[in-house]
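Step one of this worksheet: look at the structure below.
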Number of protein chains: 2
Amino acid sequence: MSLRMALLALLTTQPMTGYDLSRQFSSSVGNVWHAADSQIYPELRRMHKEGLLDAESVPWGSKGATKTQYLITDQGREAVRDWQATVQPYTPDRDPARLKAAYFEWADSAAVAAQLRAHIQHFETERAHAEQQLEAISSREQPTIARRLEHYSADDHERILAFKLFAYEGKRDQAQHEIDWAKRGLKLVDQLGEGRVEV
Amino acid sequence: MSLRMALLALLTTQPMTGYDLSRQFSSSVGNVWHAADSQIYPELRRMHKEGLLDAESVPWGSKGATKTQYLITDQGREAVRDWQATVQPYTPDRDPARLKAAYFEWADSAAVAAQLRAHIQHFETERAHAEQQLEAISSREQPTIARRLEHYSADDHERILAFKLFAYEGKRDQAQHEIDWAKRGLKLVDQLGEGRVEV
């Protein structure tokens with residue numbers, strides 16, 4: 001569902017091949033919904049089959065080869081509207097980092113610290129990506145954003161940009177919260193000193 | 001992997017039937033790793049097959065019926081130690097709420113507000129669960145915690161409790177961050193006023 005909406009959202013701006021989509025994906029919406037190429041291509045074919053996308057052959061390279069280009073249909077636009085009009089349900093939490101931390105007593109101090117440093121590193125990367133997106137959105141210079149804005153009247157720009165900033169600010173602040181949490185964990189390890197409880 | 005570790009962790013304290021485990025799960029570790037009964041029972045059978053658990057028949061009720069009780073094996077304890085000794089890798093983010101928020105311009109103000117209120121409600125519930133766990137851990141009165149502590153020497157109690165508090169404080173603060181984010185979103189909707197961008 002989410003992958004589908006992420007792909008449809010990109011296609012509202014212009015028709016794209018699977019290759020174009022996969023490239024744009026990773027530099028834009030892929031920051032909030034990661035997907036591998038091995039998921040993107042089959043999802044495009046499924047959406048084509050279901051009528052959410054049209055497909056046409058376009059020339060590719062200089063040797064007479066072609067590629068499939070996808071276009072969003074009215075049904076596809078309707079699916080995006082429905083997604084936005086309907087409250088998405090929430091699923092209960094599954095948090096592997098917190099699960100592991102709840103039983104850190106079975107690790108020695110070095111292993112706990114290593115896990116917490118990996119946590120910090122991961123969320124520093126996530127924070128950096130969010131900050132890049134925030135800058136790209138504010139400057140309106142990132143290609144995906146620039147194309148989206150061209151597609152809409154100036155009246156709509158404020159709304160489009162405001163919600164994107166809101167989304168990525170949430171992501172940045174969440175990453176910061178995780179970094180702060182892991183840093184508190186490193187302090188706790190120091191306070192507790194060496195030790196490990198037998199499983 | 002995480003479900004497996006959550007179940008093994010519960011079984012380090014005492015042997016349990018699938019029924020006991022499923023009940024204890026939802027009131028303790030299920031707060032950081034949700035699992036349905038339909039996942040718990042097959043996972044127990046798989047772990048038994050792989051030698052991480054032993055199984056024995058125990059009387060159940062008064063009519064001569066029996067149930068399978070599971071006991072953690074040395075190999076099971078080794079799996080828990082390995083889990084804690086090894087840094088768990090992180091996967092890229094998949095955040096359906098942030099994905100949807102990045103395209104809120106396609107929803108009318110009422111639909112955005114409804115989604116954000118659902119976000120707040122979900123994380124208020126998550127925060128409440130985390131606070132219940134924090135209280136249960138601090139008071140040492142929650143049955144799962146009390147049994148775990150009985151199982152270990154008093155020297156180990158500080159370490160056991162400290163990491164559990166750390167884990168659930170992280171969960172509580174994360175929930176609070178999500179509530180704050182959604183509240184900022186509600187203010188933004190007010191500022192932007194009525195409006196919806198055509199998909």
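In what follows, every heavy atom counts, from backbone to side chain, and hydrogens, waters and symmetry copies are set aside. Chain letters run A, B, ... following the sequence lines, proteins first and then strands; every chain starts at 1.
Between chain A and the options Ile72(B), Val112(B), Asp93(B), Leu188(B), the largest number of non-hydrogen pairs under 4.5 Å is found for Asp93(B). If you tally non-hydrogen atom pairs under 4.5 Å between each of Thr12(A), Leu99(A), Asp108(A) and chain B, the highest count goes to Leu99(A). Contact count against chain A (heavy-atom pairs under 4.5 Å) is highest for Lys100(B) among Arg184(B), Glu105(B), Lys100(B), His119(B). Ranked by non-hydrogen atom pairs under 4.5 Å with chain B, the options Met1(A), Glu78(A), Gln39(A), Met5(A) are led by Gln39(A). The greatest number of non-hydrogen atom pairs below 4.5 Å with chain A, out of Ala110(B), Ala97(B), Pro92(B), Ala118(B), is found for Pro92(B). Note on Gly170(B), Ala101(B), Ala6(B): by heavy-atom pairs under 4.5 Å with chain A, the leading option is Gly170(B). For the set Pro89(A), Ala114(A), Ala111(A), Ala107(A), the entry with the most heavy-atom pairs within less than 4.5 Å of chain B is Ala107(A). With respect to chain A, the highest number of heavy-atom pairs below 4.5 Å among His129(B), Gln191(B), Glu126(B) belongs to Glu126(B). For the set Thr86(B), Val87(B), Leu3(B), the count of heavy-atom pairs under 4.5 angstrom toward chain A peaks at Val87(B). Considering only heavy-atom pairs separated by less than 4.5 Å from chain B, the leading option among Leu8(A), Val197(A), Asp156(A) is Val197(A). Taking Val189(A), Val80(A), Val29(A), Asp173(A) one by one and counting their heavy-atom pairs under 4.5 Å with chain B, the maximum is reached by Asp173(A).
A continuous path of Ile, Leu, Val, Met, Phe, Trp and Tyr side chains, each step under 4.5 Å between heavy atoms, connects Met16(A) with Trp33(A), placing both in one hydrophobic cluster. No chain of hydrophobic side-chain contacts below 4.5 Å, direct or via other Ile, Leu, Val, Met, Phe, Trp or Tyr residues, connects Tyr103(B) to Leu116(B).
In this structure, chain B has a heavy atom under 4.5 Å from the backbone of Thr91(A), while its side chain stays farther away. Both the backbone and the side chain of Ala9(B) come within contact range of chain A, with heavy atoms under 4.5 Å apart. Proximity to chain A (any heavy atom under 4.5 Å) is shown, for Thr125(B), by neither the backbone nor the side chain. Contact of Asp180(B) with chain A is not made at all, since no heavy-atom distance falls under 4.5 Å. Heavy atoms closer than 4.5 Å to chain A are found in the side chain of Glu178(B), but not in its backbone. Both the backbone and the side chain of Ser2(A) come within less than 4.5 Å of a heavy atom in chain B. Using a 4.5 Å cut-off between heavy atoms, Asp155(A) does not touch chain B at all.
Residue-environment remark: CZ (Arg46(A)) exceeds the threshold of 12 foreign heavy atoms within 6.0 Å. Counting heavy-atom neighbours within 6.0 Å of Gln121(B) CD, excluding the residue itself, gives a total of 12 or less. More than 12 non-hydrogen atoms from other residues, nucleotides or ligands lie less than 6.0 angstrom from CD of Glu124(B).
Classified by interplanar angle (parallel below 30°, tilted 30° to 60°, perpendicular above 60°), the ring pair His177(A)/His177(B) is parallel. The aromatic rings of His122(B) and Tyr90(A) sit parallel to each other, their planes meeting at less than 30°, with 60° as the upper class boundary.
Residues of residues 140-153 of chain B lying within less than 4.5 angstrom of chain A, judged on heavy atoms, are Arg148(B), Tyr152(B) in numerical order. Residues of residues 157-169 of chain B lying under 4.5 angstrom from chain A, judged on non-hydrogen atoms, are Glu158(B), Arg159(B), Ile160(B), Ala162(B), Phe163(B), Lys164(B), Phe166(B), Ala167(B) by number.
In this structure, Asn31(B) CG and Arg98(A) CZ are separated by 12.5 Å, a value rounded to the nearest 0.5 Å. Between Phe104(A) atom CZ and Gln84(B) atom CD the span is 6.0 Å, to the nearest 0.5 Å.
Contact check on Asp95(A) versus Lys171(B) returns no salt bridge, with no Lys/Arg side-chain nitrogen under 4.0 Å from an Asp/Glu carboxylate oxygen.
Across all non-hydrogen atoms, the minimal contact from Arg77(B) to Val199(A) is NH1-O, 3.3 Å.
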